[in-house]
There are 2 protein chains.
Amino acid sequence: MDKPATIRDVARVSGVSVGTVSRSLNAPETVRPATLAKVRAAIQSLGFQPDSRAQNMRRRNTMTVGFVIDDIANPWHASCFKAVDAEMRQRGYSLYLMSTQGRASEEAAAIDMLQHGRADGMIMTINNEQDPRTIKRLKELRIPSVLLDRDIPLEIDAVLTEHATGLRQATSYLLELGHRRIAIITAGSDIRPGRERVRGFVEAFQRAGLPVPEDLIRSQSLSVDFGFREATALLQMPQRPTAIIAAGNRILVGVLRAIQQQGVSVPGDISLIGCDRSDVALLYPGPITLIDRPVEEIGRTAAQLLLERLGGQADRPAQRIAFPTHLILGGSCLPVPKP
Amino acid sequence: MDKPATIRDVARVSGVSVGTVSRSLNAPETVRPATLAKVRAAIQSLGFQPDSRAQNMRRRNTMTVGFVIDDIANPWHASCFKAVDAEMRQRGYSLYLMSTQGRASEEAAAIDMLQHGRADGMIMTINNEQDPRTIKRLKELRIPSVLLDRDIPLEIDAVLTEHATGLRQATSYLLELGHRRIAIITAGSDIRPGRERVRGFVEAFQRAGLPVPEDLIRSQSLSVDFGFREATALLQMPQRPTAIIAAGNRILVGVLRAIQQQGVSVPGDISLIGCDRSDVALLYPGPITLIDRPVEEIGRTAAQLLLERLGGQADRPAQRIAFPTHLILGGSCLPVPKP
DNA sequence: ATTGATAATAGAAACGTTTCCAGAATAATC
DNA sequence: GATTATTCTGGAAACGTTTCTATTATCAAT
């Protein structure tokens, strides 16, 4: 009774065949104006809208793309999602958001699901570049995909950040301010950002001909908790660092929590450099000195790479595009007082 | 050549009919163990996975739900999404995230799209309870939906927050501290949170038998910009308020920006109450006194209401469930010094 | 008017699955 | 071992669209 009208109903009401109705919708220029008018009138009066399930089935696509990340509460990911969404929506695509909470099993499940007719493509930041379950799936990928800030030796498009350069700049800046006991808290070497950031950090010391403070490198995870734990430990060291680089936007939150809890003041007691613009980073008493990256551009680029593949260029060679970071000076760093 | 295997291929390889393969997948207890084994072997060797497009078509569902909000960069929405996602994923559903950026046209387009075979249900926070385009669509809703924190005189499930009580508590708290010139910045009366918050604010003064400071009520939008603009104006008033309630988590960010820009100190120069836990609210030099609400519970409840309808109870009467707020005392309020 | 060329339409097949029904195989009962 | 009851299975229809092929309608030119 109340069932939605189908293309058959439209055909019946307007007295044409279903094929013609379909062409009226998808290629109106190939149907006679008089017929088109009749069809359109019928569509109007029935309130017909094509059922996308049937379209997906027949066209063998879904106009849907999966966006797979560990946590949408990470404001950087949210911004990136928005950029991707804006670009994809313009072209008629909708996005599945899959927040895996960092669990490899969820990640694998998400990829599996998306691959089998739920999405036409994927954009993702996987959690561990070595996880065999994920790797296996990426090897036998059936839909075009783009990796965000991850580096895997496979033919997959990727959009990256030049973290090493960013960290080198930030570290050099602190060295110039006279800091020597500089700590870095960042991801582990299982993902590119962790490896690259530590590399840049180390390079800065080497170029300055200074010894690398190995005891102050904390490279393991991007989580708030890790940031909090390590910052707490660092602040309680007998010979406390004079500066901390919170290399990861969630880490920064953890570090600030530790700083708040210990009653340390920034930049009076310790200098601080964070990552990525965020409410917290921009507001914290004063704005924090930041290693920023162009999130909108990164998202847009990822979307464009994917759209290229979806739009026919299915088998051009994989591209890797890297974006530079920018050091934004805030008020969270001071020169080390000469003793 | 490389085409994904279909259920037909499985049937051929295992020497049974397609019907049996289908039942092996969906009701394995109805197929003889020996047959089941053959089928499973074939599935394994072919790497077969059912094509969800075809399943959607045939089953007339999509195991997908739309989550429609204005901006996923709002951390409250992100947390809510996560809660909804966790609950829905358990039951096999995936979520479309549609970030409408507050544009009514995008909102209408999103609802239209979801209704016609792209999703089985919707959870949404619409932008304006009076917008005719949106209302029209909600009236002729074809899929079960749940409204988040919005109030529309239609038979639609809704999960609400008791904003009025929250604001009354917060305002009373400030009144007890001796504040009289208290400002409130919040949404306009076109959405429930705006109406209710102002109502609670006014009630607090009335119950205390005090005149309502009409000139300090700024009720128009939940945006960061509005918060910034109004806070800036308030701080520059000749007779500046002694307390501000930033009734909206984005508004709070705007207010903090204004406070930072004007070099005002909290709580020394002015007392401040915010809304919703967020990194900023918890970290800002000290934690800010907050009107909090149980976001996980709200999201979970919304998901459950939707799941009930999706699971058969399609036409029980619409439910409206409201959650209380809690005033979390931080360090951003001080008593007014006796003159 | 007739023809030929072109444009428009009807009709059916196809997409890959689920589900229904009838019929075949198996198990249970005597 | 025959008969009945029960469990499994094969085959086909159906879901709503798009797209292909064949046919019909239209138009221009003679």
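Numbered from 1 within each chain, the chains take letters A, B, ... in sequence-line order.
- Phosphate proximity of D/dG16 to A/T6: absent, as no side-chain N or O sits under 4.0 Å from OP1 or OP2.
- Taking atom NZ of residue B/K3 and atom P of nucleotide C/dT17, one finds them 14 Å apart after rounding to whole Å.
- A heavy-atom distance below 4.0 Å to DNA chain C is reached by these residues of residues 31-60 of chain A, ordered by number: A/V31, A/R32, A/T35, A/M57, A/R58, A/R60.
- The pair A/D85-A/K82 fails the salt-bridge criterion, with no side-chain N (NZ, NE, NH1 or NH2) lying under 4.0 Å from an Asp/Glu carboxylate O.
- If you measure from atom CE of B/M63 to atom P of C/dT17, you get 17 Å, rounded to the nearest angstrom.
- The distance between atom CG of B/N61 and atom P of D/dC15, rounded to the nearest whole Å, is 16 Å.
- Listed nucleotides: C/dT17, C/dA10, C/dT9. Nearest to the side chain of B/I7: C/dT17.
- A donor-acceptor pair under 3.5 Å is absent between the side-chain atoms of A/R142 and the main chain of A/G117, judged by distance alone.
- Between B/E29 and A/L25, the one whose closest nucleotide on DNA chain D sits nearer the 5' end is B/E29.
- Atoms CG (A/D9) and C1' (D/dT17) sit 13 Å apart, rounded to a whole Å.
- Rounded to a whole Å, the CZ atom of A/R8 is 10 Å from the P atom of C/dA12.
- With contacts defined as side-chain heavy-atom distances shorter than 4.5 Å, the pair B/R60/A/D51 qualifies.
- The side chain of B/T20 contributes an N or O atom lying less than 4.0 Å from OP1 or OP2 of D/dG10.
- Summarising the geometry of A/I72 relative to A/S99, their closest heavy-atom pair is N-OG, 3.2 Å, with the distance given to 0.1 Å.
- Ring-plane geometry between A/F81 and A/F67 is classed as perpendicular, the angle between the planes exceeding 60 degrees on a 0 to 90 degree scale with a lower cut at 30.
- The pair B/R59-B/D120 fails the salt-bridge criterion, with no side-chain N (NZ, NE, NH1 or NH2) lying under 4.0 Å from an Asp/Glu carboxylate O.
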